[in-house]
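Below is one structure, written out as structure tokens, with a few remarks after it.
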Amino acid sequence: MRNFKMLLILLFLVSYMRGSTSLHSLGMSECIRDGGETLLSADASFELGFFSPGTSTNRYLGVWYTDVSGKQTVVWVANRETPLHNKSGILMLNEMGILQLRTGANATILWSSKVSDEAFKLSNSTAELFDSGNLVVKSGQDEGSFLWQSFDYPCDTLMPGMKLGLKSGIDRYLSSWKSTDDPAVGEYSIKIDRKGYPQLVQMKGSFINAREGSWNGIYFTGYPNLQQSIFKREFVFNDTEVYYEFDILDRSIFKIFRATPSGGWENMVWTSQTAETTTSGGQDACDSYAFCGSNSVCNIGDNVASCECLKGYVPKFPQQWNVSYWSNGCVRKTRKTSSACNNTQGFLRYKDMKLPDTSSSWFNKAMNLEECQKSCLKNCSCTAYANLDIRNGGTGCLLWFDHLIDIRQFSQEGQDLYIKVPSSELANDHGNKKIKTVAIAVGVIIFGLICWVIIMLIKYPGFARNIRKNKQRQDVDLPIFDFSVLAKATDNFSSNKKLGEGGFGPVYKATINGQELAVKRLPKKSGQGSEEFKNEVVLIAKLQHRNLVKLLGCCIQGEEKILVYEYMPNKSLDHFVFDETRRKTVDWLKRFNIIGGIARGLLYLHQDSRLKIIHRDLKTSNILLDANLNPKISDFGLARTFFGDQVEANTNRVAGTYGYMPPEYAVHGQFSEKSDVFSYGVIVLELLSAKRNREFSDSENYLNLLGHAWRLWTEDRPLELLDEVIRENCNHCEAIRCIQVGLLCVQQRPEDRPSMSLVVLMLNGEKMLPKPNFPGFYIDRGVQLQADSSLPNNTFFSANQISITILEAR
Ligand SMILES: *[C@@H]1O[C@H](CO)[C@@H](O)[C@H](O)[C@H]1NC(C)=O
Ligand SMILES: *[C@@H]1O[C@H](CO)[C@@H](O)[C@H](O)[C@H]1NC(C)=O
Ligand SMILES: *[C@@H]1O[C@H](CO)[C@@H](O)[C@H](O)[C@H]1NC(C)=O
Ligand SMILES: *[C@@H]1O[C@H](CO)[C@@H](O)[C@H](O)[C@H]1NC(C)=O
Ligand SMILES: *[C@@H]1O[C@H](CO)[C@@H](O)[C@H](O)[C@H]1NC(C)=O
Ligand SMILES: *[C@@H]1O[C@H](CO)[C@@H](O)[C@H](O)[C@H]1NC(C)=O
Ligand SMILES: *[C@@H]1O[C@H](CO)[C@@H](O)[C@H](O)[C@H]1NC(C)=O
């Protein structure tokens, strides 16, 4: 027991040191990346992740069983035919509940789970790895139903609870790996052959290689000694379904059945007592399909297979038979003529047999043995009969016609087979020779142990959510600067000192007592009285957040209204992302940080600050960057000071910037938090693509940036939107998530757009992302207006270079 505990601790440490992250479920827009991230079943016996088989360096996504010795046995592979050649693979569950394996710079899809059309209406699905090893996608709406499950798409392994055969229109079969190094579909398969009476066969290509045989209610006729009370085995055969399934009654044992690359099959069994596995299921010569040809019985004696013609039959080629060449089999002793059929016929009972090939036999589930015999006797070409089901004394009827193929004799436990013979043969009764058969032993009991690997669920490091910490200092001592001091510090507002032209006036760099400051000179006609303005500025100065530019003071002197801010050495975001060389310095981590920072700043303005502020002119040039490229929203209080406290409804003065304004604001003058959300979405997409929405045009499809992003999204090529500079080395999962957040924010209908608090959660991966609808201003240039038919298709789409526009709405 002590050792066991130590082992657990060890396992835990090992997994911890590897830096692996194991999830217990995968939500929509969540990912598993190659390099230690896995999905774990609740009891930790199964794990889904990336692996390399054997000596191969290729990477595959698969499910493996871990026994307590740590040995992993792969039981399912997703991308069998499409290996990854490096560790760039990610598995994600998209917003429609489809699992996608993506790779490469563009995160192209290598493999995906097929989902019925119905699933496209559903949302909120999750992927989970069950304790059975079944990887399932559950729909959020109906817990019990699965959108997809790996058990429907078996590879080489049959596990307890899996169905082999036809159910719900899906025909499941096992197919071997090509080799132990290559999980691609190999030559061999194991399937339920539905011709005649269904039987389990092992195929090599399209030929039967070996035949486990038909189901007799207890076992497949070729393997009578596989009956074990710890397993529940079931074969369902009716008009719509034909499948085999086994389950384990004793939970301390685990067993799988698999098709091997060399053409055999094996049973692997683990028990909780020991870590050992037993493997069994070797085949002998008599297992080869039709080893003895037709009408002949295979026996194993002294480990040598030999064949013997059925009574009433003789070798087709006696010379061959004499030198142990059996495959041409036996033929009727008396030529088959009408008179032969007329002859008195009888049946000889062969005991402990494997029944012949049933692919052309006739069956009836209701008949008893006596009726079965009568049917066979009546039909000239009938050659043998047997019970379908050997339980309860036997029921049902199986009839064979013409040749009897692939029969073998067991030393015990086989089935009764009744062979039609002329009455002459019946006379010299012989009794069945019972040749000792070497049974295939199924070793079962071993050492094993169920492995409990307790792995911490390490979630993405959350964005700081301690926004409130920074909230509202009680007293704000807002310095009032003297106009002359500011004029001097900016060389009398000289153009040399100009940092830029903000939305509400030019900004200058000032140096006062060695401290660098940014000075914004507001237009003289702001329509607000000095006292009112000052009160407003004091209020805004109380807004404190690390993602907002800090207001340090102001100056009100006559007509002059000046705001003094902290100085941002790295200027604004547009200065970086739209610049050929500077954008190379903004790698994925920095961009992700910027996206998150803006979101938190905006959330603070919308919700967490005492003043509810809608920015109304959010754009890349209003996002300033500090020395570490942390984003800070600027001009955030100005909308308020200029327009008063209109938080809801309409304004007849539309201020904003082309490319960032949502349709409802640009056209109807309606604004709300959701207008800022739209602008935020545009910034996100611009930052990711390093392209300006306003200037972008996709020459092929006449789309603006939003339309282009949307099109790539719907075509499942989201990452092609990315700036090449970051495409290769970004975290593809985060990037896809950011694109999706961007698209959610720029949706046409304000009510569809998420609030900023949701955006922050989504970016953190703490909230499932819904499916985005088409964006506002979907198509530019007035070619086609899908977004809103009420839009005037003129002025808004002109390439106006002025970044701030005040215009009258209708
Ligand atoms: C990984 O392989 C894919 C193709 O399989 C390729 O597109 C991508 O560039 C490779 N990534 C790295 C980092 O080598
Ligand atoms: C999505 O699923 C989660 C957990 O399964 C649940 O808490 C949430 O309410 C669901 N949301 C919707 C919209 O169905
Ligand atoms: C076939 O058998 C399955 C399992 O017993 C059952 O659910 C299904 O309804 C049956 N179908 C028909 C057509 O009898
Ligand atoms: C078969 O072999 C035996 C000797 O081993 C021989 O006597 C017999 O004639 C052979 N029969 C045929 C048909 O070749
Ligand atoms: C024997 O076969 C012949 C020819 O097929 C048929 O006419 C006759 O009725 C048969 N006799 C019996 C007893 O079945
Ligand atoms: C014997 O059975 C076969 C297969 O069911 C059938 O095709 C044939 O017509 C039957 N013959 C007679 C004489 O009933
Ligand atoms: C990725 O997508 C871009 C844009 O569609 C394309 O030019 C590039 O060739 C793609 N790269 C790869 C590796 O597929």
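These numbers come from the heavy atoms of this one structure, side chains and all, not from hydrogens, waters or symmetry mates. Counting starts at 1 for both ligands and their atoms, following the listed order.
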Ligand 3 to Val236, heavy atom cutoff 4.0 Å, flagged ligand atoms 2 (O), 3 (C), 4 (C)
Is the shortest distance from atom 5 (O) of ligand 6 to a protein heavy atom below 4.0 Å? yes
Looking only at distance, does Tyr243 have an N or O less than 3.5 Å from an N or O of ligand 3? no
Note: ligand 6 atoms sitting under 4.0 Å from heavy atoms of Phe401 are 1 (C), 2 (O), 3 (C), 4 (C), 5 (O)
Numbering the atoms of ligand 7 from 1, which are under 4.0 Å from a heavy atom of Arg727? 1 (C), 2 (O), 3 (C), 4 (C)
So is Lys163 actually on top of Tyr243's ring, under 6.0 Å and inside 45° of the axis? yes
To the nearest 0.1 Å, how far is [atom] from its closest protein heavy atom, and which atom is that?
{"atom": "atom 3 (C) of ligand 3", "value": "Glu241 OE1, 3.0 Å"}
{"atom": "atom 11 (N) of ligand 6", "value": "Asn379 ND2, 3.0 Å"}
{"atom": "atom 10 (C) of ligand 3", "value": "Asn238 ND2, 2.4 Å"}
{"atom": "atom 13 (C) of ligand 3", "value": "Thr240 OG1, 3.5 Å"}

Does the salt bridge (Lys or Arg N to Asp or Glu O under 4.0 Å) test come out yes or no for Lys232 and Asp250, once each step is laid out? CA-CA 10 Å; Lys232 181 174 141 255; Asp250 181 346; over 6 Å; no
Going by an N to O cut-off under 4.0 Å, is there a salt bridge joining Arg711 and Glu715? yes
Assess whether side chain to side chain donor-acceptor pair (under 3.5 Å) is satisfied between Glu734 and Trp588, documenting all intermediate values. CA-CA 9 Å; Glu734 284 172 355; Trp588 172 251; 2.8 Å; yes
I need the single residue from Trp215, Tyr244, Phe363 that forms a ring pair (Phe, Tyr, Trp, His ring centres under 6.0 Å) with Phe237. Which is it? Phe363
Is the backbone N or O of Ser689 less than 3.5 Å from a side-chain atom of Asp723, with the two atoms forming a donor-acceptor pair by type? no
Is there a donor-acceptor pair under 3.5 Å between the side chain of Arg727 and the backbone N or O of Asn106? no
